[in-house]
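A short worksheet on the structure shown next.
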Protein chains: 2
Amino acid sequence: MEFTNEELINFLKKNDIRPSNIRLKVLKYLLENRIHPSAEDIYNGVIDEIPTLSRTSVYNTINLFKEKGIVSELYLDDKEVRYDINTKLHGHFKCEECGRVYDFPVTSILHSGLEGFVIKKKEINYYGVCINCQ
Amino acid sequence: MEFTNEELINFLKKNDIRPSNIRLKVLKYLLENRIHPSAEDIYNGVIDEIPTLSRTSVYNTINLFKEKGIVSELYLDDKEVRYDINTKLHGHFKCEECGRVYDFPVTSILHSGLEGFVIKKKEINYYGVCINCQ
DNA sequence: TAATAAAATTGTAATCATTACAATTTTGTA
DNA sequence: TACAAAATTGTAATGATTACAATTTTATTA
């Protein structure tokens with residue numbers, strides 16, 4: 001998928017984020033690389049287009065995106081946090097062999113014991129061996 | 001709940017872990033404090049009984065327990081990893097107000113798109129406001 | 001347009017949970 | 001008792017993330 005600058009700018013504005021070059025490039029990277037990247041991945045993916053980019057700016061940008069609700073964090077069996085531009089409910093499967101993280105649809109979760117609790121966010125993470133690593 | 005040393009020793013042996021004082025005290029702490037403690041919590045909970053205890057030993061012990069499958073790790077919106085002695089499938093709810101982590105039963109999860117994948121572990125983490133913080 | 005304020009970006013240093021590792025202590029066994 | 005293996009300890013290293021102050025860029029006002 002390719003996104004025009006106009007689309008990216010509108011996306012940011014719609015989410016109450018003032019556009020800047022870094023923000024556009026980070027957003028573009030997230031939209032076009034659905035690999036649940038770490039901050040380091042994002043940094044490496046954008047540094048070529050913005051050679052003066054600092055890691056701090058990547059963190060600043062991600063944290064802003066988090067606040068505005070356009071990215072969610074992924075805590076998997078890693079020491080790095082990963083980021084996902086898809087904030088709709090879906091599951092994540094991490095392959096213990098190749099390390100890849102797959103999205104999968106979650107239709108429903110039957111649970112009990114949370115009467116009176118306000119649920120704001122749900123995470124569903126699976127671990128195992130993916131189909132390519134068997 | 002209270003556990004006798006004999007029960008604790010048998011529990012370890014059954015799981016192929018050679019008993020030692022530290023391992024017994026850490027296990028006892030985990031069984032009697034179902035608060036999903038961090039390594040630091042465990043350290044603080046055991047240091048009174050073993051004044052020479054080192055943090056490294058807590059990590060060594062937890063990592064051994066993990067390998068043997070008697071504790072699982074919990075990655076919540078925290079920088080610390082938490083540990084859970086209950087390895088059966090259940091959900092975790094983290095209250096964003098008070099920070100407490102609740103267990104809840106998960107009956108079933110309907111998902112798709114993982115045909116041919118081997119699923120070894122499932123995590124279900126919810127975030128929100130608990131009933132005591134409304 | 002120039003001057004000024006506000007926002008964004010940068011680089012360095014700090015933080016802090018966890019691990020690496022080597023030294024020491026304890027345990028089990030011959 | 002002596003020895004080998006295992007467990008424990010303390011210190012230093014690691015590495016992702018944040019704090020913070022300085023600099024640069026952008027927006028606003030006169």
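The shown structure was predicted, so the numbers you read here are calculated from the model rather than taken from an experiment. A, B, ... follow the sequence lines: proteins, then strands. Residue 1 opens every chain.
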For Ser38(A), which contact category applies under a 4.0 Å heavy-atom criterion: base, sugar-phosphate, or nothing?
nothing
Measure from CG on Asn21(A) to P on dT25(D) and round the result to the nearest Å.
12 Å
Between dA7(D) and Asn60(B), is there an OP1 or OP2 to side-chain N/O distance shorter than 4.0 Å?
no
Listed nucleotide nearest any side-chain atom of Ile50(B), set dT17(D), dT19(C), dT9(D):
dT9(D)
dA20(C) C1' sits how many Å from Arg55(B) CZ, rounded?
17 Å
side-chain contact (heavy atoms from CB on, under 4.5 Å) partners of Leu31(B), counting only residues at least two apart
Phe3(B), Leu8(B), Leu27(B), Arg34(B), Ile85(B)
For Leu53(A) and dA8(C), what is the distance between atoms CG and P respectively, to the nearest whole Å?
16 Å
Output, in order, the C-alpha distance, side-chain angles, deciding distance and verdict of side chain to side chain donor-acceptor pair (under 3.5 Å) for Lys25(A) and Asn21(A).
CA-CA 6 Å; Lys25(A) 293 300 187 312; Asn21(A) 189 32; 2.7 Å; yes
Closest to the Tyr59(A) side chain, choosing from dT10(C), dT11(D), dA16(D)
dA16(D)
Would you find a donor on one side and an acceptor on the other, under 3.5 Å apart, between the side chain of Gln134(A) and the backbone of Gly116(B)?
yes
Looking at the side chain of Ile22(B), which of dA17(C), dT8(D), dT11(D) is the nearest nucleotide?
dT8(D)
Have Asn60(B) and Ser57(B) got a donor and an acceptor in their side chains that come within less than 3.5 Å?
no
Sorted by number, the residues of residues 66-74 of chain A with heavy-atom contact under 4.0 Å to DNA chain C
none
Hey, does the side chain of Ser20(A) come within less than 4.0 Å of dT9(C)'s phosphate (OP1/OP2), counting only N and O?
yes
Provide, to the nearest angstrom, the distance between the CD1 atom belonging to Ile47(B) and the P atom belonging to dT9(D).
8 Å
Does the separation of the ring centres of Phe93(B) and Tyr127(B) fall below 6.0 angstrom?
no
Atom-to-atom span, CG of Asn44(A) to C1' of dA16(D) - whole angstrom
14 Å
Using a distance-only test with no angle check, is there a side-chain donor-acceptor pair under 3.5 angstrom linking Lys66(A) and Asn63(A)?
yes
Does anything in residues 75-87 of chain A come within less than 4.0 Å of DNA chain D? Heavy atoms only, and list the residues if so.
Lys79(A), Glu80(A), Val81(A)
If the plane angle is over 60° it's perpendicular, under 30° parallel, otherwise tilted; pick one for Tyr126(B) and His111(A).
perpendicular
Using a strict threshold of under 4.0 Å (side-chain N to carboxylate O), is an ion pair present between Asp77(B) and Lys121(A)?
yes
Between P on dA8(C) and CD1 on Ile62(A), what's the gap in Å once rounded to a whole number?
16 Å
Of the nucleotides dT9(D), dG11(C), dT19(C), which has the atom closest to the Ser54(B) side chain?
dT9(D)
Are any of Thr56(A)'s side-chain N or O atoms less than 4.0 Å away from OP1 or OP2 of dG11(C)?
no
Donor on one side chain, acceptor on other, Asn132(B) and Tyr102(B), under 3.5 Å:
yes
